[in-house]
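For reference, the structure is listed below as structure tokens.
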Amino acid sequence: MHTSNLPPFFDGRPLPPLQDILAGVHVVEIPMRVKFRGVTSRQSALIHGPAGWAEFAAFMEYGAEEASAWLAAAVEAAWLGYPEPRRTEVPVNATMPAVAAHEVPGVLANYEGEIHEIKIKVAESGQGVDEDIARVAAVRAALPQARLKVDANMGWNHDQAVDALVRMAEFDLVYAEQPVSTAEGLARVREELRRRGVGTLIAADESVRKAADPLRVAQLGAADVLVVKAAPLGGVRRAREVVRAAGLPAVVSSALETSVGIRAGVALAASLDELPFGCGLDTVSLMAADTAAPSLRSRDGVIQVRDVAADEDLLGTWAASPQVTAWWRRRIEECYRVLSDA
Ligand SMILES: [Mg+2]
């Protein structure tokens, strides 16, 4: 992570001792309702510290370097807590995984209350643009008034992205998230859509989250909207600085955490100066269980800003195997070493 224009972790305070962090760790493994990112269950480490509960849930394939920012975010939450909120509730979008069009109503039925905004996953490997269009059409048919957006997770090349987004223009998309992989590629797709008179905005997600410099996408004029997650950017305070420095409207997204991790995203969204789009924080419903009760879920398109604590019974029910727990504890040690050396 490029750090020269970002504040240090933890407001410049030292890291707590590793033993203190490990003493508060509870590793869980929770089944997913719908396969997401190729996984059918989600493992994560809940961490209890003096300021409350945090969730360390860096994706399994990430090495210690990349995952260390996620640990920094968890330590921020559990040892410093969250900055003062500027709002009491956060608008959210519903999420439609890359299911077949006939499965769309079933997924929508998992949401309580009215859906005002929904993000539809597209460009899943093994699927074609026709399946994407059928899915988007099915969502539009079910929700004629809602704001629709698509997320390709870098899954298209330039020609596929332009073709798909031109064809999807009839469904009146608010924005397309990361249609192609690079920041330069986003800029080209954005320019080509404008040239063809398609007004769909371009949002950058992976180009912010996985980039050496999260601000580069803004400097290149590659996107109209930033998608930010608190954990990969090293915490709520640092992510807020990235948004401020970029000078673009931001959407806050989850990384498929339980309610404890979602709380960090809600804190980030609540701390931003402006929040013009629904955030991708209503993802607890994609999991079959949670670590907190009641869950931090939306009602009528908003999540209330409130504290969330892990529930000891739920932590016991969903406790990971000894092998999985040992793996996460080792991972925390490795990430801690990266942060200590930074
Ligand atoms: Mg995304």
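If you're wondering where the values come from, they're calculated on a predicted model, not measured in any experiment. Both counts, for ligands and for their atoms, begin at 1 and track the order of listing. The first residue in the sequence is number 1, and the count goes up from there. Just so it is clear, the values below take in all heavy atoms, side chains as well, and ignore hydrogens, waters and symmetry mates.
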Residues Glu334 and Arg331 bridged, charged N to O under 4.0 Å: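 Result for this pair is no, no salt bridge flagged.
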Glu192/Arg188 salt bridge by N-O under 4.0 Å criterion: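 No, this pair does not count.
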Parallel, tilted or perpendicular: rings of His26 and Trp53 (30°, 60°):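 Judged by the thresholds at 30° and 60°, the geometry between Trp53 and His26 is tilted.
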Glu177 near the Mg ion (ligand 1) via N/O/S, less than 2.8 Å: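 Within the cut-off used here (under 2.8 Å), Glu177 does place an N, O or S atom near the Mg ion (ligand 1).
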Atom name, Asp151 (N, O or S, nearest to the Mg ion (ligand 1)):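 This residue's closest N, O or S atom turns out to be OD2.
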Atom of Asp205 nearest the Mg ion (ligand 1) (restricted to N/O/S, atom name only):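 Asp205's closest N, O or S atom to the Mg ion (ligand 1) is named OD2.
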Single hit among Arg87, Arg86, Arg240 for salt bridge (charged side-chain N to carboxylate O under 4.0 Å, His left out) with Asp273: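 With Asp273 as partner, salt bridge (charged side-chain N to carboxylate O under 4.0 Å, His left out) holds for just one option, Arg86.
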